[in-house]
Colleague: 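Quick one: structure below, then a few questions.
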Amino acid sequence: MARSDEAAAFFHGVYTAIQQIPHGKVTTYGHIAALIGTRNPPPPLSPLLSHLTSCRSPVPAQRPRQVGVCLKHLPADPSAPFNSQNVPWQRVINAKGEISPRSQPEGSTNQADALRAEGVEVVRGAMGEYHVDFAEYGWFPEELPETDASP
DNA sequence: GTCTTGACCGCTC
DNA sequence: AGAGCGGCCAAGA
């Protein structure tokens, strides 16, 4: 199994998990990674990924960073299976409940605007950072819901 | 080929 | 209570 397949499976899992986020709700990069790790070894995911998840703690805590990379590489092409239009990347924020000020400051602003458009109350911090209240808008399911009814 | 960086998280000082 | 550091995986130069 080439690592590219592992990466593809990881990307697929990340995008699929993000698509499960309900409208008007937000979650964290870490939780997305946790969902993929907590999820039982599914057929699409190769055994190596499962091994990595079970090797250490039940949930590897270093995946979240890669989740951000996945979103970074999220194609904007509508024809792609997963694109910025199908995947609500805007509903993913960091564990501090804030929008990471990544490279382009406009990106965070756009993300905050998109969240507000969904009815999410985004509070701007004193340092210009955007904060979202998890207690009201957080979405942290234990596992991914079985949307796909084809076992 | 190798090296550095990155939309992060948790623990430690 | 606040700030700093290490660690993991993958893409880009």
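Hydrogens, waters and symmetry mates are skipped; everything else that's a heavy atom, side chains included, is used. Note on naming: letters A, B, ... go to the chains in the order of the sequence lines (proteins, then strands), and numbering restarts at 1 for each one.
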Colleague: If only atom types and distance count, is the side chain of A:Thr27 paired as donor or acceptor with the main-chain N or O of A:Trp139 below 3.5 Å?
Modeller: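 Answer holds: yes.
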Colleague: Nearest whole angstrom, please: distance from the C1' of C:dA10 to the OH of A:Tyr29.
Modeller: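 After rounding, the gap between these two atoms is 16 Å.
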Colleague: Under 6.0 Å between ring centres: does that hold for A:Phe82 and A:Phe11?
Modeller: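 Not under 6.0 Å, so no.
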Colleague: Report yes or no: do A:Phe140 and A:Val120 belong to one cluster of Ile/Leu/Val/Met/Phe/Trp/Tyr joined by side chain heavy-atom distances under 4.5 Å?
Modeller: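 Yes; A:Val120 is reachable from A:Phe140 via cluster members.
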Colleague: For A:Phe11 and C:dA11, give me the distance from atom CZ to atom P, rounded to whole Å.
Modeller: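 Distance check: A:Phe11 CZ to C:dA11 P gives 5 Å.
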Colleague: Indicate if A:Val14 and A:Ile21 have the same hydrophobic cluster label, given that clusters are the connected sets of ILVMFWY residues with side-chain heavy-atom separations under 4.5 angstrom.
Modeller: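 A:Val14 clusters together with A:Ile21.
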Colleague: NZ of A:Lys96 versus C1' of C:dG2: gap in Å, rounded?
Modeller: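 So the two atoms are 13 Å apart, to the nearest Å.
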Colleague: Among the nucleotides C:dA11, B:dA7, B:dC9, which one has an atom lying closest to any side-chain atom of A:Trp89?
Modeller: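 Nucleotide nearest to A:Trp89's side chain: B:dA7.
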Colleague: Taking A:Arg91 first and then A:Glu118, would you say they form a salt bridge - that is, a charged N and a carboxylate O separated by under 4.0 Å?
Modeller: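 Counted as a salt bridge, because a side-chain N and a carboxylate O are separated by less than 4.0 Å.
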Colleague: Identify each atom pair where a protein N or O and an N or O of nucleotides 3-6 of chain B are less than 3.5 Å apart, giving names and distance.
Modeller:
| residue | atom | partner | partner atom | Å |
| --- | --- | --- | --- | --- |
| B:dG6 | N7 | A:Arg65 | NH1 | 3.1 |
| B:dG6 | O6 | A:Arg65 | NH1 | 3.4 |
| B:dG6 | N2 | A:Gln66 | OE1 | 3.4 |

Colleague: Output the rounded distance in Å from CG (A:Leu74) to C1' (C:dA10).
Modeller: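 From A:Leu74 CG to C:dA10 C1': 16 Å.
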Colleague: With a 4.0 Å cutoff (strictly under), does any side-chain N or O of A:His73 reach OP1 or OP2 of C:dG12?
Modeller: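 For C:dG12, OP1 or OP2 has a side-chain N or O of A:His73 closer than 4.0 Å.
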Colleague: Atom CD1 of A:Ile18 and atom P of B:dA7: how far apart are they, to the nearest Å?
Modeller: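 After rounding, the gap between these two atoms is 15 Å.
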Colleague: Whole Å only: how far is the CG atom of A:Leu35 from the P atom of B:dC9?
Modeller: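 In whole Å, B:dC9 P lies 13 Å from A:Leu35 CG.
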Colleague: Hey, any chance A:Val92 and A:Val26 share a hydrophobic cluster, counting ILVMFWY side chains that come within less than 4.5 Å of each other, even indirectly?
Modeller: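 No, A:Val92 does not connect to A:Val26 through the hydrophobic network.
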